[in-house]
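Here the structure is laid out as structure tokens; the discussion comes afterwards.
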Amino acid sequence: MKMPELGYLCGNGMELVTCRQSTISYPLHNHVSVFTLGFIMDGFIELVTDKGTRTYQKGEAFVLGPYTPHSINARSCYELLSLCIDKELVTQTDLELLELMVSKFLHQAIKHTIIENWILKTLHSLLLFCQMLPIQQETNIDSLREQLELYPEIPCCIEDMAALALTSKYNLIRSFKKEVGLTPHQFQIQNRVRKAQKLLNTSASVAEVALATGFFDQSHFIRCFEKIVGLTPTEYKRAYGTVSSMPAS
DNA sequence: CCGCCCACGAAGGGATTATC
DNA sequence: GATAATCCCTTCGTGGGCGG
């Protein structure tokens with residue numbers, strides 16, 4: 001398989017992931033409590049959400065709200081720039097200031113590449129759209145979701161989760177899927193992989209990351225990781241070899 | 001709307017081997 | 001030695017159906 005070129009930068013409540021020459025498809029998942037702005041730099045992708053399937057091609061952008069379940073089908077080689085912004089930052093910051101912060105972040109993040117004009121031009125309307133998206137009220141499901149997001153590595157069966165959400169396991173599965181778009185277990189696995197991605201950016205070995213994120217062993221970890229990320233942990237580590245994070249300013 | 005039951009498929013668990 | 005891949009059996013999560 002041809003390895004995609006990946007880039008990752010984070011800081012000030014924002015994360016930027018660039019993916020070049022990728023042919024990876026991603027199964028159903030969500031980006032937890034962040035807004036995601038996706039910019040198609042080259043090629044095209046098929047984005048599937050609960051609102052349907054839409055093809056986005058070079059020069060087009062999309063917005064995903066927090067916890068929006070979606071999948072990506074790669075029909076060809078594509079280049080995607082994903083900008084994730086903390087929910088609080090989006091909802092609690094004045095639009096003009098937010099736009100300034102985001103464009104500053106983009107300029108800092110992509111130092112050696114000229115940011116295409118269309119990205120900066122669409123930024124304002126995309127951020128406005130984010131701020132206008134309705135945010136759900138807090139429920140018991142939300143507190144469980146928060147627990148699973150913060151501590152995905154803790155062994156927690158469906159009965160334990162139901163107890164946390166003050167409901168039955170049958171109702172939990174239905175309600176959770178309705179609100180989050182994934183079953184509790186799928187959500188837990190996804191968060192474990194997400195946490196593992198962060199740990200893989202440190203000096204920890206694959207086996208250490210596997211145990212630290214709640215997987216029984218590295219064999220099981222590799223299977224789940226590859227299914228969600230599209231790369232094995234080692235390939236991922238290699239692809240993100242030049243990882244850096246920006247100092248807070 | 002919620003709880004329960006049940007069948008089925010996916011995930012978990014364990015062992016082993018291959019590869020670098 | 002670390003990591004990746006595969007196999008096989010067991011366990012459990014999930015979806016559908018049903019009833020209160």
Side-chain angles (χ1 to χ4, degrees), chain A residues 1-6 8 19 22-32 48-53 67-73 136-243:
Chain A
M1 183 181 78
K2 189 178 180 181
M3 286 277 286
E5 291 173 25
L6 304 174
Y8 174 85
C19 193
S22 178
T23 52
I24 299 173
S25 293
Y26 295 93
L28 191 67
H29 66 289
N30 68 38
H31 293 173
V32 296
V48 184
T49 66
D50 56 355
K51 293 189 174 58
T53 303
Y67 303 101
T68 302
H70 63 283
S71 58
I72 290 177
N73 299 324
Q136 291 170 346
Q137 294 300 308
E138 286 280 310
T139 63
N140 289 334
I141 297 293
D142 289 321
S143 71
L144 170 65
R145 186 176 66 188
E146 201 178 315
Q147 287 298 308
L148 292 177
E149 203 178 317
L150 288 172
Y151 312 107
E153 69 279 10
I154 295 175
C156 192
C157 66
I158 197 73
E159 271 87 7
D160 297 335
M161 293 184 200
L164 266 174
L166 306 173
T167 183
S168 71
K169 68 169 190 173
Y170 313 104
N171 191 37
L172 170 68
I173 293 167
R174 283 185 174 85
S175 312
F176 199 93
K177 185 150 192 184
K178 194 177 167 190
E179 282 196 29
V180 184
L182 301 172
T183 62
H185 191 245
Q186 287 172 336
F187 186 73
Q188 187 182 38
I189 295 290
Q190 181 195 288
N191 278 287
R192 283 180 176 177
V193 169
R194 193 176 163 80
K195 191 160 189 169
Q197 283 179 286
K198 286 180 181 162
L199 289 174
L200 284 170
N201 289 335
T202 69
S203 58
S205 69
V206 172
E208 284 169 340
V209 173
L211 293 175
T213 48
F215 289 97
F216 182 78
D217 61 8
Q218 49 96 10
S219 157
H220 180 214
F221 168 58
I222 292 163
R223 262 183 297 186
C224 290
F225 192 92
E226 191 171 14
K227 190 179 170 189
I228 292 175
V229 180
L231 301 170
T232 66
T234 304
E235 284 173 348
Y236 178 85
K237 224 171 157 63
R238 213 175 289 144
Y240 279 86
T242 53
V243 168

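Every chain is numbered from 1, with letters handed out A, B, ... down the list of sequences.
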Whole-Å gap separating [atom2] ([N]) and [atom1] ([X]):
{"X": "I189(A)", "N": "dG9(B)", "atom1": "CD1", "atom2": "C1'", "result": "15 Å"}
{"X": "R192(A)", "N": "dA11(B)", "atom1": "CZ", "atom2": "C1'", "result": "11 Å"}
{"X": "I222(A)", "N": "dT16(B)", "atom1": "CD1", "atom2": "P", "result": "18 Å"}

*Would you give the length of the straight line joining atom CZ of R194(A) to atom CD1 of I189(A), rounded to the nearest 0.5 angstrom?*
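The CD1 atom of I189(A) is 15.5 Å from CZ of R194(A), to the nearest 0.5 Å.
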
*Sequence neighbours left out, what pairs pass ring pair (Phe, Tyr, Trp, His ring centres under 6.0 Å) with at least one residue falling in residues 181-210 of chain A?*
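Output for this query lists F176(A)-F187(A).
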
*Excluding sequence neighbours, so at least two apart, what forms ring-ring contact (aromatic ring centres under 6.0 Å, His included) with F225(A)?*
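F225(A) satisfies ring-ring contact (aromatic ring centres under 6.0 Å, His included) with F221(A), Y236(A) once adjacent residues are dropped.
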
*asked:* Treating T213(A) as the side-chain partner and A210(A) as the backbone partner, does any N or O pair qualify as donor plus acceptor under 3.5 Å?
replied: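 It does hold such a pair.
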
*Do nucleotides 11-17 of chain C as a string where each nucleotide becomes B, S or -: B if the base has a protein heavy atom under 4.0 Å, S if just the sugar-phosphate does, - if no protein is that close.*
--SBSBB

